[in-house]
Amino acid sequence: MPELRLHQVKAMHQEHIAVNQVNLWLKAGEVGCLLGPSGCGKTTLLRTIAGLHALAEGEIQIDQQVVSSAKKMVPTEQREVGMVFQDYALYPHLNVEQNIAFGLHRHSRAQKEARVAQLLELVGLPAMAKRFPHQLSGGQQQRIALARALAPKPKILLMDEPFSGLDVELRESLAREVRGILKAEGMSALMVTHNQNEAFAMADSVGVLKEGRLLQWDTPYNLYHQPAHPFIADFIGQGSLITGSVCDCRAVHTELGLLKTQLPLGTQAGEAVSVLVRPDDILHDDRSDWKLEVVNRAFRGSHFLFTLKLPSGEKVMCMSQSHHDHPVGSKIGIKLEMDHAVVFTKEATLSQTL
Amino acid sequence: MSKTPKLWLWLSIVIALLMTTPIWVLVSFVFTPGNENWQHLLNTLLPEYVLNSIWLMLGVGFGTLLLGVSTAWLVTHYRFYGSRWLHWALLLPLAMPAYISAYTYTGLLEFEGPVQTAFRELTGQTTLGWFPEIRSIGGAILLFSLVLYPYVYLLSRSAFSASGHHALEVSRTLGVGPWKRFFYIALPMARPAIIAGVTLALMETLADFGAVQHFGVDTFTTGIYRTWSGLGDTHTAAQLSLVLLAFVALLIGVERWTRKQQRYFEQSTPSTETELTQLKGVRGWSLFAICFLPLLLGFLVPSAQLFYWSFTTADTQWNREFFELAWNSFSLALISALVVVGLAVILAYAKRLSRQKSVSRLVTVTHLGYAVPGTVLAIAVLIPLAWLDKVIDDFAYNHYEVSTGLIFSGTLFALVLAYSVRFMSVALQSVEAGLQRIKPNMDDSARTLGLASGTILRKVHLPLLQTSLLTALILVFVEVLKELPTTLILRPFNFDTLSIRAYEMAADERLADAGLPALLIVLTGLIPVILLSQLMDKKRA
């Protein structure tokens, strides 16, 4: 039973199209994440789902009921969605307890108290009930905002850049903690972020948005290993694209040799394509006879990241252990460890210059 | 280097003393016994002053609250006909001094005025007994509310638009309806700003002299003026001033306290993605009407009346004498602005360069002058200067047998000093805000690049401070131009300004002749209002 379903959703921001033709399906109890650079329309999409932004075309269903369509617009107040904002938007004139209880209208006093206590326990701040927002740290405020949104047991929780106001060190640990809380409540949630680490730490499914379009909606693993679009290959992880030519329907010929692949539909033998090479596809091996010139090196603490030049002049990246230092200009031995190459047509690549 | 901090300390001590001596002198009158005039006041008029002031404060507090908060809420949360230009146009009554507004409404609503005349012609009645008298305490409350609501509007508007949007949206997701959102979230969150705005409006109300004088509503300021000019009793005038200062101090206390609270209520970023609710048709037009009414009555109607008077009296009033008047006003305002801003720059630099707590405290003290009503300040400046003049005169007469006369209290010196005390805060705020943008690291980095401190001042500070200095100059200039009671009491013999002329014409029941000087004051007063609205548009963009 799907909890959130978007069908061909389009939303406008003043004159320009902010979100276009978005289809998405978040299952009950799942945590989804919309990932993309700033200005890609992810926040607008989230606000459209909450009913805070008008829908131009398409349809949004929550719990199998249409909440937004061309004909129907359920006001935010009646949607039963929880929302956590980037700035938390805690009510400064109410204490923690009153903030959390604010959405509990039809509850008796005792019920309210019980629910507030339960949530404070859940977010790990039971001693903070009487504090005011300005007396809390950023991380604490974030958790109280989460508790307030969860209190009325919404059908779905929406979070807009929930961790961006926090220290980098805190972000991932809190993201994991929040995921634990959502799973404990059995809550379906959709969040928006521009940070890949947060998305991967939080989400069961991640969607990558670019210029208002959802390019791929998939598991984090698949986004990295099977990106559907050159933009995703670039946005998630590192890598470079090299030229190859189609050999037959199962392989592509490149300067790195013949690579097994699943070719995009409609490609023909001999056609030039782009092949994604991740740094972890090429391993440094001093014993190898296959040597390439180092044109750049970056020390990353746990490893070196070398940029190597292929005979044609195209560049690939290679990771090596941190004690294998080689100067720029020297040649180092490599070996390939790639069982399945990701291939894009030249057209797709041109539309997305890496 | 060790000498510099001392120099700054001494400079700021001297200026702070100069700025605060009048107030200390006034306060010293607490310890002197009252004379028979004081006894008389205490038994007869003082209760009336207190009662009138309290009624005015209650009425104006309620009126500015109603007008300011409702208009601020509507323009920040809804889109309707005219909402974009009303956003800044609602500030326009700031350019209309209360006393000038009082003259125009008297002209419009008195027996011979156009409104009553029209009614009489329409109904055929010869007298309109039911027609309310504008020159009353009720009229004063209405009038003050109409010219002072922008203080509340300004502060609550920025409170509504700065922090409210996300909090209100969260309430929507929590299933809370619009009225509850306004009363439980928006209003409490804006409360400190609203209270601060109301206290500012009330301080202006208490400080007003021209409007209440014209309306015949006896308050402290009219009492002080009458005691001084009618009875010639400076001593009692000073004591009466102290009672008024106590009221003001109470308001300052409230304002300080709410500002402290405000820090916790201010939240991060204003939300840019929020789309305002569009209202069209009858609902859109009624919102327009609600927001347009204060602008119409607070600014447009009085301005129209002033224009009308100016045109009808142009042939007799538009003459050499008027230009002399304007010249007097503008040169006095310019000199005062230069002096005030000059002193403010010295104080601001003293605070910045010395980095001593004591200097910073002295600078803070000089801010207090803005709260002292003009009538009170005039008396406070007059007392020590008159004493000084007498000492000098006696000395000169005894030793050289010449009379030096009133070299301080009877010249522009007294006026400029009083303006400096009163408007130092306005100038300091601008200059300090400008200096804050020049980070200490900028000085340090310029120094590492080998620039001498004079060069740093010229090449780094001056370009960055330019706008703030100009703003400060304009603000003080306009304040001085509008000022009435201080000028009335302290001006040298036969020295007339635009505000004095408007006041005298109105006092002579020659309201139409007050039109031209008043119009010039209002038009000049528009400059800072336009600057202010531009500044805010920049912030919004």
Side-chain angles (χ1 to χ4, degrees), chain A residues 11-14 18 39 41-54 75-94 98-106 132-136 138 141 145 148-152 154-158 160 164-165, chain B residues 77-79 84 156 158-196 257-280 540-541:
Chain A
M12 308 292 291
H13 207 292
Q14 268 120 36
K42 52 193 193 303
T43 296
T44 307
L45 182 54
L46 198 75
R47 294 173 59 83
T48 311
I49 297 168
L52 295 169
H53 195 97
T76 305
E77 292 90 313
Q78 292 159 26
R79 282 191 189 204
E80 296 180 57
V81 294
M83 184 115 182
V84 177
F85 280 96
Q86 188 172 1
D87 57 5
Y88 320 132
L90 291 176
Y91 306 131
H93 59 295
L94 303 179
Q98 291 165 325
N99 261 286
I100 297 177
F102 197 79
L104 303 169
H105 322 281
R106 291 176 200 84
F132 279 86
H134 68 265
Q135 297 168 313
L136 303 177
Q141 290 187 20
R148 179 178 63 181
L150 291 175
K155 289 176 179 166
I156 184 170
L157 181 73
L158 305 172
D160 184 11
S164 68
Chain B
H77 282 80
Y78 295 94
R79 278 250 164 282
R84 271 168 208 275
S156 45
S158 54
F160 284 146
S161 59
S163 54
H165 285 293
H166 278 165
L168 290 166
E169 283 175 350
V170 167
S171 322
R172 292 186 66 185
T173 66
L174 293 171
V176 174
W179 287 101
K180 198 178 166 192
R181 285 205 295 275
F182 177 72
F183 282 107
Y184 283 75
I185 302 299
L187 214 51
M189 280 180 71
R191 194 188 60 207
I194 293 171
I195 295 177
W257 179 73
T258 53
R259 294 250 178 201
K260 237 183 233 164
Q261 290 228 305
Q262 197 166 15
R263 274 188 312 190
Y264 304 131
F265 282 56
E266 260 164 18
Q267 286 205 330
S268 50
T269 43
S271 142
T272 46
E273 65 266 18
T274 306
E275 290 194 341
L276 306 182
T277 316
Q278 286 259 355
L279 287 181
K280 290 191 170 154
R540 269 202 305 167

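Order of the sequence lines fixes the chain letters, A, B, ..., with proteins taken first and strands second; residue numbering starts at 1 for each chain. What you see is a predicted model; the values in this text were computed from it and never measured.
- Between the NE2 atom of B:His166 and the CG atom of A:Leu90 there is a distance of 13.0 Å, given to the nearest 0.5 Å.
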Exercise answer: donor-acceptor pairs, residues 177-185 of chain B side-chain atoms, under 3.5 Å, sequence neighbours excluded:
unit_1	atom_1	unit_2	atom_2	d
B:Arg181	NH1	A:Glu77	OE2	2.9
B:Arg181	NH1	B:Val176	O	2.7

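- Within the model, atoms NE2 of A:His93 and CG of B:Leu187 stand 9.5 Å from one another, a figure rounded to the nearest 0.5 Å.
- With sequence neighbours left out, the ring pair (Phe, Tyr, Trp, His ring centres under 6.0 Å) criterion links A:Phe132 to no other residue.
- Minimum heavy-atom separation, B:Leu174 to A:His105: O-NE2, 2.7 Å.
- Rounded to the nearest 0.5 angstrom, A:Met83 CE and B:Arg172 CZ are separated by 11.0 Å.
- Taking every heavy atom of both residues into account, A:Ala89 and B:Ala167 meet most closely at CB-N, 3.6 Å.
- The line from OG1 of B:Thr173 to CD1 of A:Ile156 is 12.5 Å long, rounded to the nearest 0.5 Å.
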